[in-house]
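Report on one structure; see the data block that follows.
Numbers here simply count residues along the sequence, with the first being 1.
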Amino acid sequence: MEILAKVCVDTGLMSLDKLYDYRIPYELTGILKIGHMVEVPFGKSRKAGIVVGFSEEASEFKLKAITKITDPLPVVGALDIELAGYMQRMYVASFYDCLKLLCPPGCFYKSDKRVILSGSEESIKKAVAKSVNQERIVAFLEEEGKEANLEMLKSMFGQGTVAAVNALQKKGIVTCESFSENSKGPLKRKYAELIPGSEKKIETLVNKNSVAQIKVCNILLGGPLPITDIIEQTGSSRYAAQELQKKGIVKVFDENIRRNPFQGKEICKTKSLEPTQEQKEALSKIIPAVKEQKNDTFLLHGVTGSGKTEVFMQSIEHVLKEGRTAIVLVPEISLTPQMTDRFLGRFGDKIAILHSVLSQGERLDEWNRIKEGQAKVVIGARSAIFAPLSDIGLIIIDEEHENTYKSEQSPRYNAVEVAKKRCEQNNAVLILASATPDVSSYYKAQNGEYTLITMKDRYNHVNLPNIKVSDMRLELKEGNRSMLSRQLQEEIRINLEKKEQTILFLNRRGFSTFVSCRDCGYVVTCPECSISLTYHKSTETLNCHYCGYRTENIKVCPNCKGTHVRYFGTGTQKLEEEINKLFPDASTIRMDVDTTTTKNSHEKILKRFCDENIDILLGTQMVSKGLDYPNISLVGVVAADMSLNIDDYRAAERTFDLVTQVCGRAGRGDKRGRAVIQTYSPENSVIGYAREQNYEAFYENEIAFRKLFDYPPFKQILCITFSGED
């Protein structure tokens, strides 16, 4: 009976999402394996597919044969296929889309466009002046060597990318070339070496007047070298090596080069610290589970600065001793530089990093290192949960309460749930860690589904920050119309005198939230989204934070022609301007979406803040977690009510999380930390719990509210979204 291959085909349609039987051609018999990427005939075209199984069942239909294997090695294994099946059922996604998440970056043959920056510097500045999306795309192209694939740009900049590229093409700023390829492969470098025994041929085959060829032969006597190095050191051209190759003296060959995301990074080697009593107690529960290969889940509830990262690293050390591997997830790319530096210092080249800011080539090379077993510990954002590690012993999810662990694109997976499945497959331990655990996670820990580990003290018994609340209603009554209360202003002055650093947190970028006419009430909105545009003073533009639309600021109302146009609300740019007015001698740096558009910008901003001892770091939620700098002694929460009044049952939880986390950035060294929370609702219980850093009291209040209204964890909520032009 003929053996058939069961292939998951990239049909692009959920209605056709099933496995298809194909004949195995004679030339692929014995070669084709489960996990191979193949090209198959499908209808009148050819499609990509992945072999997920074999069948000996006879078919009543005349079956088509697989055309070819497109990747020599299988890209997924049996556990990957099982995980993709779980995700397909769990998240109502296509099987192929789920499998793609587990495949190496750029392994899919597809048609794409190469976008090449071709305009002059002057023409570029004029052309992109009215579009945030166009400006970001151009900045990215300049960073990436003036060209990038359209699909990569779409993944970086989302909706509106195609329209922005088309607009740039019309303006002559970019040119587009269509191509079809296996999007990224290994980076190769040409080397040359003398063929063994050819030294004797040099005198007879190389003319004495061929000075360049003689120089090349002489330098290669020391061993193989890259062609570029040979040219540089001898002053010859590629022609000399080519001629020697024709004469059978020199062999030219390609060698793969790793695109190393850690290139140029200075790493200080570190050793395990002596654990505190609380750290010992935590490790005494985790390490036995790791050694016994138990599929256990721990909720590590540790206050900010309690030393959770040291618990992670010592747990991983035991995992590596057992010959197994580990994954560490962080919620945002901005957190990876500090976390990566710590882990590199402890584990060296056993570390690999996976996140979206790496180029596709860097991601592919890191993926291959992991697959080949060269890297044993993977650190990254949400998608790193699909790292191709074998025999996983431990998965750690730091700041497990963060919403960024949920994908907003299909498959709409939750990295925490996927981690549980991978731990189940590998008999691995899962650690969910946070200073402010997700209410549902804490409920599971209280009810025995997770093992709760609590760390209530900061490392070396450093005190939690002293937190004060400023009532902004009183500030207004007493004539203070500044964004900063007098109390916070005074604390900043104290810090400036002491040469200590300050973080100011405001979870809204831009200068003003909206622009309105006081005569007729007209609000300037985005023509695409109907969302109010945000005023950005640095560029004198009105920007849409949803689609990237940008237009010039208005002085006259387009509706009534009135001149009483005013700006309402606040953003990080406006806060920065006010800081510069109040403290003209203070150095400031801003960290939000507008300042972190280029590659490694998060790391560069934090490095400047630390190395140059900048007085004030102000930003959005990027500055609210993960930062661990000993000279930060003051945190100001500029508008604590902003997240308290959103239309979401988790509004109280998100506010408590954000305020608690950002206040926890202060006083992590020898200096006692202080924090000021500015609010128009100081009597709100959430503000009170955050001031006291009292998670248990907040949880008791919140879980009673959830139970009363049948909210999670007592019931599940399903969101169904419809969208259309009409």
Side-chain angles (χ1 to χ4, degrees), residues 128-136 157-161 163-164 167 408 472-473 475-476 480-484 504-579 581 590 592-595 597 618-621 637-648 651 654-655 658 678-681 721-726:
V128 302
K130 288 193 176 184
S131 170
V132 174
N133 276 8
Q134 290 177 33
E135 187 176 47
R136 286 178 180 170
F157 303 108
Q159 191 177 5
T161 301
E408 295 297 322
M472 297 306 286
R473 297 171 303 186
E475 295 287 327
L476 279 174
N480 178 19
R481 299 195 173 276
S482 164
M483 291 172 69
L484 303 181
L504 295 180
F505 167 67
L506 175 62
N507 208 20
R508 188 186 294 279
R509 63 194 174 100
F511 188 85
S512 291
T513 315
F514 65 96
V515 178
S516 176
C517 173
R518 285 198 169 177
D519 293 334
C520 69
Y522 172 81
V523 175
V524 187
T525 58
C526 174
E528 304 294 333
C529 311
S530 300
I531 300 291
S532 60
L533 295 177
T534 301
Y535 173 50
H536 286 238
K537 190 167 184 180
S538 60
T539 53
E540 272 297 317
T541 56
L542 302 176
N543 296 11
C544 176
H545 287 176
Y546 287 82
C547 72
Y549 171 82
R550 178 164 68 177
T551 186
E552 289 179 9
N553 183 32
I554 64 166
K555 302 292 183 185
V556 177
C557 174
N559 186 48
C560 71
K561 309 305 177 189
T563 55
H564 294 96
V565 175
R566 296 293 181 266
Y567 308 108
F568 297 88
T570 58
T572 47
Q573 283 188 18
K574 189 171 184 177
L575 176 60
E576 185 176 31
E577 183 180 270
E578 186 145 344
I579 290 293
K581 283 180 183 175
R590 178 162 53 91
D592 56 25
V593 173
D594 295 323
T595 62
T597 54
L618 54 96
T620 54
Q621 64 179 18
V637 182
V638 176
D641 309 286
M642 198 169 279
S643 56
L644 197 57
N645 298 311
I646 58 173
D647 55 344
D648 190 319
R654 287 181 177 175
T655 303
L658 276 171
Q678 297 187 168
T679 175
Y680 288 92
S681 343
T721 305
F722 297 89
S723 78
E725 292 182 3
D726 186 356

Run the salt bridge (charged side-chain N to carboxylate O under 4.0 Å, His left out) test against Lys581 and tell me which residues pass, sequence neighbours left out. Glu577
Taking all non-hydrogen atoms of both residues, which atom of Met483 and which atom of Leu506 are closest, and how far apart? CE-CD2, 3.9 Å
Which atom names give the shortest non-hydrogen contact between Thr655 and Ala640, and what distance separates them? CG2-O, 3.6 Å
Under the side chain to side chain donor-acceptor pair (under 3.5 Å) test, which residues partner Glu578, sequence neighbours left out? Ser482
Using side-chain contact (heavy atoms from CB on, under 4.5 Å), reason through Leu476 and Arg481 one step at a time and then give a plain yes or no. CA-CA 6 Å; Leu476 279 174; Arg481 299 195 173 276; 3.7 Å; yes
Side-chain heavy-atom pair Tyr522, Cys560 within 4.5 angstrom cut-off: no
Pairing residues for Thr551 by the side chain to side chain donor-acceptor pair (under 3.5 Å) criterion, not counting sequence neighbours: none
Taking all non-hydrogen atoms of both residues into account, name the closest pair between Cys557 and Val565 and its distance. N-CG2, 3.9 Å
Where the side chain of Asn507 meets the backbone of Gln621, is there a donor-acceptor pair that is under 3.5 Å apart? yes
Counterpart residues, side-chain contact (heavy atoms from CB on, under 4.5 Å), relative to Glu576 (two or more places apart): Asn580, Thr588, Arg590, Leu618
Run Leu484 and Gln678 through side-chain contact (heavy atoms from CB on, under 4.5 Å) and show every step you take. CA-CA 8 Å; Leu484 303 181; Gln678 297 187 168; 4.2 Å; yes
Verify the distance criterion only: is there a donor paired with an acceptor across the side chains of Asn543 and Thr534 at less than 3.5 Å? no
Nearest heavy-atom neighbours spanning Ser681 and Asp641: OG-OD1, 2.9 Å
Asn480 meets the side chain to side chain donor-acceptor pair (under 3.5 Å) criterion, sequence neighbours left out, with Glu475
Who are the side-chain contact (heavy atoms from CB on, under 4.5 Å) partners of Ala164, not counting sequence neighbours? Asn133, Gln134, Ile137
